[in-house]
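Remember, it's 1-based here, ligands and their atoms both numbered in the order they're listed. Sequence positions, counted from 1, serve as the residue numbers for this chain.
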Amino acid sequence: MPNIDLHSHSTASDGILSPTQLLAHAASRGVQVLALTDHDDVAGLVEADFAAHEENILLIKGVEISVTWHGRTLHIIGLGIDPSHAPLAKGLQKIRDGRTERARLIAAQLDKYGIHGSFEGACAQAGESKLIGRTHFARFLVESGHAKDVRSVFKKFLVKGKPGYTPHIWTTLEEAIGWIRGSGGQAVIAHPARYKLGKNLLEQLFHDFCELGGTGIEVVSSSHTPDQIRQFARLATRFNLLASSGSDYHGPGESYFDLGRLPSLPSECTPIWHDWNIPLDRSNQADNKIIGQ
Ligand code: AMP
Ligand code: MN
Ligand code: MN
Ligand code: MN
């Protein structure tokens, strides 16, 4: 089995490494197939494509779309997308605009709490990225001495019930899957254990996702315990969904799993890449369009 990692982030969203640095790191970890799946943006894919050729890695063009479903935030990964597909590009722009509005609300909340300048601080953390996320606020709060690390800053400030939390409505599940499929990609539910859905709601999600044309779920993820890997392997099989595997790598020091260091998918799963034409000789990448619709 090739060394495959289908979930990662760059500076185009809230990752620490540029696409070029990310691909170099992937190569150093023996990754042969990497999906760059930045939150709500595809801006890193041109640079990533170039770097992937340099590093002899097969790049899967991806995105991780923020969705609101039954009042909860879900992340839907698109794999093998065409970033120039107009409905996808427009839809992602709208989500990014919503992120800027949310960032102003988060900053206003933190202002009331006595923490000033966080909008500008988060923008500075975002650098060249065209979107602002909670991670950028988290890094600003750590650097300005309000918490010791990014993980504790979320617990203290950025989750429900805490001073910097702001509810937000993202796009719908239907739109996200529609944009992904319309651009030739496959839709995958990211880290399903993270949503802490009860049995009924989880089955409802899988049902809706299948009805809307979703293809797979992440079975192996840095958010999943070994028990959860087994649980979602069973569910994938039951719902006839393909299984994906991704580290959700955000950069050194901020990720549970390094790139390319993922446990194998349980043998009962059908990997999402089972019918991708992955060339064994990675020196010939002229035709990078491997996912057929
Ligand atoms: P956003 O989409 O802006 O709401 O931010 C979501 C991102 O924040 C996730 O993709 C993670 O990178 C990060 N994140 C969310 N929860 C946590 C947490 N508890 N600890 C560390 N990072 C987190
Ligand atoms: Mn993130
Ligand atoms: Mn996610
Ligand atoms: Mn992610």
Side-chain angles (χ1 to χ4, degrees), residues 5-17 22 34-42 44 60 62-69 72-79 92 94-107 109-110 118-119 121-123 125-126 129-142 147-162 164-171 173 176 187-197 217-218 220-224 244-259 262:
D5 193 326
L6 298 178
H7 188 158
S8 69
H9 295 272
S10 75
T11 45
S13 64
D14 59 0
I16 292 171
L17 304 180
L22 182 76
L34 180 79
L36 175 61
T37 54
D38 276 308
H39 298 283
D40 307 317
D41 208 341
V42 291
I60 304 298
V63 66
E64 182 174 17
I65 303 181
S66 308
V67 160
T68 299
W69 179 85
R72 292 152 199 266
T73 298
L74 308 179
H75 287 171
I76 303 297
I77 300 262
L79 296 175
L92 296 179
K94 203 167 149 218
I95 300 179
R96 291 195 297 274
D97 293 344
R99 281 182 166 277
T100 307
E101 287 165 28
R102 180 186 70 154
R104 293 205 181 276
L105 295 173
I106 292 175
Q109 301 253 112
L110 291 172
S118 67
F119 182 79
C123 287
Q125 293 292 333
S129 165
K130 286 181 278 161
L131 64 82
I132 300 199
R134 284 184 295 162
T135 310
H136 301 124
F137 278 91
R139 291 181 190 142
F140 163 75
L141 289 165
V142 171
K148 70 174 190 322
D149 57 29
V150 163
R151 227 159 266 163
S152 56
V153 92
F154 267 87
K155 277 192 205 144
K156 207 167 149 191
F157 292 104
L158 298 172
V159 294
K160 214 169 183 170
K162 300 296 167 173
Y165 177 77
T166 312
H168 188 70
I169 299 186
W170 305 98
T171 195
L173 186 61
V188 173
I189 301 176
H191 41 62
R194 277 258 291 270
Y195 313 125
K196 300 192 168 39
L197 303 174
I217 63 170
E218 280 184 347
V220 169
S221 158
S222 55
S223 301
H224 289 179
S244 189
S245 177
S247 62
D248 203 0
Y249 185 73
H250 281 72
E254 281 192 25
S255 297
Y256 290 105
F257 280 0
D258 199 355
L259 286 178
L262 297 162

Review point. N/O/S of H9 less than 2.8 Å from the Mn ion (ligand 4)?
Key: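 It does; at least one qualifying atom falls short of 2.8 Å.
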Review point. Can you tell which of R99, K94, R96 makes a side chain to side chain donor-acceptor pair (under 3.5 Å) with D40?
Key: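 By the side chain to side chain donor-acceptor pair (under 3.5 Å) criterion, D40 pairs with just one of R99, K94, R96: R99.
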Compare all side-chain heavy atoms of [X] with those of [Y] and state whether any distance is below 4.5 angstrom.
X: D5; Y: L34; result: yes
X: F154; Y: T135; result: yes
X: I132; Y: R102; result: no
X: I65; Y: I95; result: yes

Side chain or backbone of [X] under 4.0 Å from ligand 1, or both, or neither, by non-hydrogen atoms?
X: R102; result: side chain
X: R99; result: side chain
X: E254; result: neither
X: I132; result: neither

Point to revise | Numbering as shown, the atoms of ligand 1 that approach H250 to under 4.0 Å (heavy-atom distance) | key: 10 (O), 12 (O)
Review point. Would E254 and R139 pass as an ion pair if we require N to O under 4.0 Å?
Key: yes
Review point. In terms of the angle between their ring planes, are H39 and H75 parallel, tilted or perpendicular, with boundaries placed at 30° and 60°?
Key: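 H39 and H75: perpendicular rings.
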Study note, to complete from the structure: A student comparing F154, W170, F137, Y165 should find that the heavy atom closest to atom 18 (C) of ligand 1 comes from F154
Check your understanding: Number of protein N/O/S atoms less than 2.8 Å from the Mn ion (ligand 3)?
Key ->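 There are 3 of them.
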